[in-house]
Enquirer: 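Handing you this structure, nothing more for now.
Keep in mind it's a predicted model, so treat the numbers as computed, not measured. The figures here come from the full heavy-atom set of this structure, side chains too, leaving out hydrogens, waters and symmetry mates. Ligands are counted one by one from 1 in listed order, and the atoms in each one are counted from 1 as well.
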Amino acid sequence: RYPDFAKKMIANRLGERTGAAGEEVGRRKVALITGITGQDGSYLTEFLLQKGYEVHGLIRRSSNFNTQRINHIYIDPHNAHKARMKLHYADLTDASSLRRWLDTILPDEVYNLAAQSHVAVSFEIPDYTADVVATGALRLLEAVRSHAAATSSSPSRRHIRYYQAGSSEMFGSTPPPQSESSPFHPRSPYAAAKCAAHWYTVNYREAYGLFACNGILFNHESPRRGENFVTRKITRAVGRIKIGLQSKLFMGNLGARRDWGFAGDYVEAMWLMLQQERPDDYVVATEEAHTVEEFLEVAFGYVGLEWRDHVVIDKRYFRPAEVDELQGDSSKARRVLGWKPRVGFQELVRMMVDEDVELAKREKVLVDAGYMDAQQQP
Ligand code: NDP
Ligand code: GDR
């Protein structure tokens, strides 16, 4: 009943992969994201959906729902024809689950964002951190490689492009500015595991010709940042102190310098790396560094508070080995990818404080109604 162009248009709209004769028509690009429930996973999903991708996310089983950051884009699978984001249970510690979902989803692009990503916590659970961060990346690379080998002569073959979420923590004690040619000197089990994942990725590129890229991303933050990373810990406290729910904030080393950008800007760089002709590794950074103390100053100052009246230094937040100064040189990403950050430091802090003041107001309503204990600090 429909002419060919109309069939193609409908298939394209629905993201269908094959036409009546089994040929591919207007296939949407398909992305597979590990760590989709994390800060970056949520921004990358929004970014890819907006580009027309079908997005599959691997989530791990938890005793509580852990999809808060993506609930706003979730569509019940019972309305499957509308849902372009789909979630599946898997775990980076379970190789069979990774291979199974690759075989089922047939992605064009794989973004490995999953990690035990807290540096201080990695000193407490080093073995687990290495298993997820280092061996997890190896398991996923191996799943991609073996999937590609098994489907090399099949019509369902995809030339999968792989992104590895590397970190400026890998530079550790190497002095700034840090670029792609700076040596790694990791200062935590997390950073050492990220170095292993980095080299596994380079090795799979060199050994098997895999299109695999390492993004070496400097710290990036947002209102969706986990509440025990320093920026969000500060802006949550600012919101709660401003609204009268808390008065003290316990902190560790205020002298550390970080190159803080906005997560929404950084996920674009991940995608850009996979759109190039050749796979490569890129540093992504704002090239501007500030101390934790400066962050406190700007965040408290923005709502008319003096941070010194509230901050208490607590030894428990110091790390066995610290990374003193990270400031990236992202000239390669700017030149080759055409990437640059849009949100600057002051704007980032204000964005996070604004959101956390609103969140604290909502908490206050619950506290006043007796539904929440004000002492329940994040
Ligand atoms: P988050 O901590 O917010 O998210 C981590 C994600 O990994 C979550 O979805 C988490 O699931 C998932 N995860 C943890 N363990 C496993 C596992 N065993 N199997 C499957 N999934 C797992 O991190 P970010 O979004 O901030 O960072 C994304 C990636 O980028 C991480 O690899 C991080 O190390 C790296 N990175 C981050 C930077 C930053 O500044 N944000 C800078 C440089 C690198 P759950 O929700 O269930 O906990
Ligand atoms: P980082 O981020 O270790 O750089 O890793 P985090 O925000 O945890 O620490 C930044 C700096 O702040 C100091 N600090 C404190 N940190 C926390 N979390 N809590 C405190 O109370 C506190 N007081 C001072 C820290 O000592 C540190 O110097 C983040 C993670 O997202 C990694 O996954 C990612 O790879 C790197 O950024 C780039």
Side-chain angles (χ1 to χ4, degrees), residues 33-44 57-70 89-94 97-98 111-122 128-129 131-133 135-137 139-140 163-172 186-188 190-191 193-194 197-198 214-222 224-234 237 249-263 266-267 270 283-285 290-293 295-296 311-326 328:
I33 304 178
T34 72
I36 194 169
T37 54
Q39 170 189 253
D40 291 7
S42 68
Y43 282 106
L44 180 63
L58 301 186
I59 58 170
R60 56 180 177 159
R61 196 269 161 180
S62 150
S63 66
N64 276 318
F65 282 121
N66 56 358
T67 52
Q68 297 86 334
R69 292 187 180 98
I70 46 174
Y89 281 110
D91 201 297
L92 277 193
T93 59
D94 182 331
S97 66
L98 302 176
Y111 295 86
N112 183 29
L113 308 186
Q116 188 304 91
S117 71
H118 202 283
V119 174
V121 173
S122 79
Y128 174 75
T129 301
D131 193 17
V132 175
V133 175
T135 313
R139 287 186 190 103
L140 188 56
Y163 173 83
Q164 170 59 31
S167 165
S168 51
E169 282 293 298
M170 299 187 296
F171 296 121
R187 298 271 288 165
S188 63
Y190 165 82
K194 281 286 182 190
H198 174 96
N214 285 294
I216 307 175
L217 272 52
F218 282 60
N219 299 55
H220 45 278
E221 320 294 313
S222 74
R224 297 184 201 164
R225 185 59 143 151
E227 296 190 11
N228 57 356
F229 295 97
V230 77
T231 56
R232 187 77 200 289
K233 181 171 167 178
I234 293 170
L249 169 61
F250 297 96
M251 301 281 302
N253 173 21
L254 306 188
R257 283 169 69 84
R258 290 290 183 273
D259 180 331
W260 280 297
F262 171 53
Y266 283 44
V267 297
M270 298 175 187
V283 159
V284 179
H290 297 271
T291 60
V292 173
E293 184 174 320
F295 195 104
L296 282 167
V311 170
V312 178
I313 300 300
D314 182 338
K315 286 264 174 286
R316 97 173 67 172
Y317 296 113
F318 284 76
R319 297 166 183 190
E322 179 60 285
V323 171
D324 295 321
E325 192 170 9
L326 292 174

Enquirer: With a 4.0 Å heavy-atom cut-off (strictly under), which part of D40 contacts ligand 1: side chain, backbone, both or neither?
Expert: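 Both the backbone and the side chain of D40 come within reach of ligand 1.
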Enquirer: Quick one: does ligand 1 sit under 4.0 Å from the side chain of H118, the backbone, both or neither, non-hydrogen atoms only?
Expert: neither
Enquirer: Looking at CG of L254 and OH of Y317, how far apart are the two atoms once the value is rounded to the nearest 0.5 Å?
Expert: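 Answer rounded to 0.5 Å: 13.0 Å.
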Enquirer: To the nearest 0.1 Å, how far is atom 2 (O) of ligand 1 from its closest protein heavy atom, and which atom is that?
Expert: S117 OG, 2.6 Å
Enquirer: Looking only at protein heavy atoms, which one is nearest to atom 5 (C) of ligand 1, and what is the separation?
Expert: A115 O, 3.7 Å
Enquirer: Closest non-hydrogen protein atom to atom 31 (C) of ligand 1, residue and atom name please, with distance?
Expert: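 Checking every protein heavy atom, the shortest distance to atom 31 (C) of ligand 1 gives L113 O, 3.0 Å.
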Enquirer: Of the choices E325, R258, R319, which has the non-hydrogen atom that lies closest to atom 17 (C) of ligand 2?
Expert: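 Residue with the shortest heavy-atom distance to the ligand atom: R319.
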Enquirer: Heavy-atom contacts with R225 under 4.0 Å: which atoms of ligand 1 show up? List them by number with element.
Expert: 26 (O), 39 (C), 40 (O), 41 (N)
Enquirer: Please write down residue, atom name and distance for the protein heavy atom closest to atom 21 (N) of ligand 1.
Expert: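 Among all protein heavy atoms, the one nearest atom 21 (N) of ligand 1 is A114 CB, 3.4 Å.
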Enquirer: Which residue supplies the protein heavy atom nearest to atom 32 (C) of ligand 2, what is that atom called, and how far is it?
Expert: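 Looking only at protein heavy atoms, the one closest to atom 32 (C) of ligand 2 is S117 O, 3.3 Å.
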Enquirer: So which of Y266, Y190, Y128 gets nearest to atom 36 (N) of ligand 1, if we judge by its closest heavy atom?
Expert: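 Shortest heavy-atom distance from atom 36 (N) of ligand 1: Y190.
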Enquirer: For atom 42 (C) of ligand 1, which candidate among M270, Q68, R258, H220 provides the closest heavy atom?
Expert: H220
Enquirer: Among T231, V133, D324, V230, whose heavy atom sits nearest atom 7 (O) of ligand 2?
Expert: V230
Enquirer: Say whether G41, considering both its backbone and side-chain N or O atoms, lies within less than 3.5 Å of an N or O atom on ligand 1.
Expert: no
Enquirer: Any idea which atoms of ligand 2 are less than 4.0 Å away from a heavy-atom of R225?
Expert: 29 (C), 30 (C), 31 (O), 37 (O)
Enquirer: Can you pull out the closest protein heavy atom to atom 47 (O) of ligand 1? Residue, atom name and distance to 0.1 Å, please.
Expert: N66 ND2, 2.7 Å
Enquirer: I need the nearest protein heavy-atom contact for atom 26 (O) of ligand 2: residue, atom name and distance, please.
Expert: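 Answer for atom 26 (O) of ligand 2: E322 OE2, 2.6 Å.
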Enquirer: Among all protein non-hydrogen atoms, which one is nearest to atom 6 (C) of ligand 1, and what is the separation to 0.1 Å?
Expert: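 Checking every protein heavy atom, the shortest distance to atom 6 (C) of ligand 1 gives G35 CA, 3.6 Å.
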Enquirer: Calculate, to the nearest 0.5 Å, the distance between atoms CG and CG belonging to L113 and L44 respectively.
Expert: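 Output value for this atom pair is 6.0 Å.
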Enquirer: If you take the nearest heavy atom of each of N253, N228, V311, D314, which one is closest to atom 13 (C) of ligand 2?
Expert: N253
Enquirer: Starting from atom 43 (C) of ligand 1, what is the nearest protein heavy atom, named by residue and atom, and what distance separates them?
Expert: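 Among all protein heavy atoms, the one nearest atom 43 (C) of ligand 1 is L217 O, 3.1 Å.
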Enquirer: To check your reading of the model: name the closest protein heavy atom to atom 19 (N) of ligand 1, its residue, and the distance in Å.
Expert: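 Result: L92 N, 3.0 Å.
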Enquirer: Would T93 count as being in polar contact with ligand 1, using the rule that some N or O on each side must be under 3.5 angstrom apart?
Expert: no
Enquirer: Looking at atom 1 (P) of ligand 2, what's its closest protein heavy atom, distance included?
Expert: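 I find the closest protein heavy atom is N219 ND2, 3.8 Å.
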Enquirer: Taking both backbone and side-chain atoms of G166, is any N or O found less than 3.5 Å from an N or O belonging to ligand 1?
Expert: no
Enquirer: Using a strict threshold of under 4.0 Å (side-chain N to carboxylate O), is an ion pair present between R139 and D131?
Expert: yes
Enquirer: Return yes or no for this condition: an N or O of R60 is under 3.5 Å from an N or O of ligand 1.
Expert: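 There is such a contact, yes.
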Enquirer: May I ask you to list the atoms of ligand 1 that are less than 4.0 angstrom from any heavy atom of G38?
Expert: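 Going through ligand 1 atom by atom, the ones under 4.0 Å from G38 are 3 (O), 4 (O), 8 (C), 9 (O), 25 (O).
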Enquirer: S168 heavy atoms, cut-off 4.0 Å: which ligand 2 atoms fall inside?
Expert: 38 (C)
Enquirer: Taking NZ, NE, NH1 and NH2 as the nitrogens, is one of them in R258 or E322 under 4.0 Å from a carboxylate oxygen of the other?
Expert: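 Yes.
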Enquirer: Looking only at distances, please establish whether an N/O atom of ligand 1 is found under 3.5 Å from an N/O atom of D91.
Expert: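 Such a contact does occur with ligand 1.
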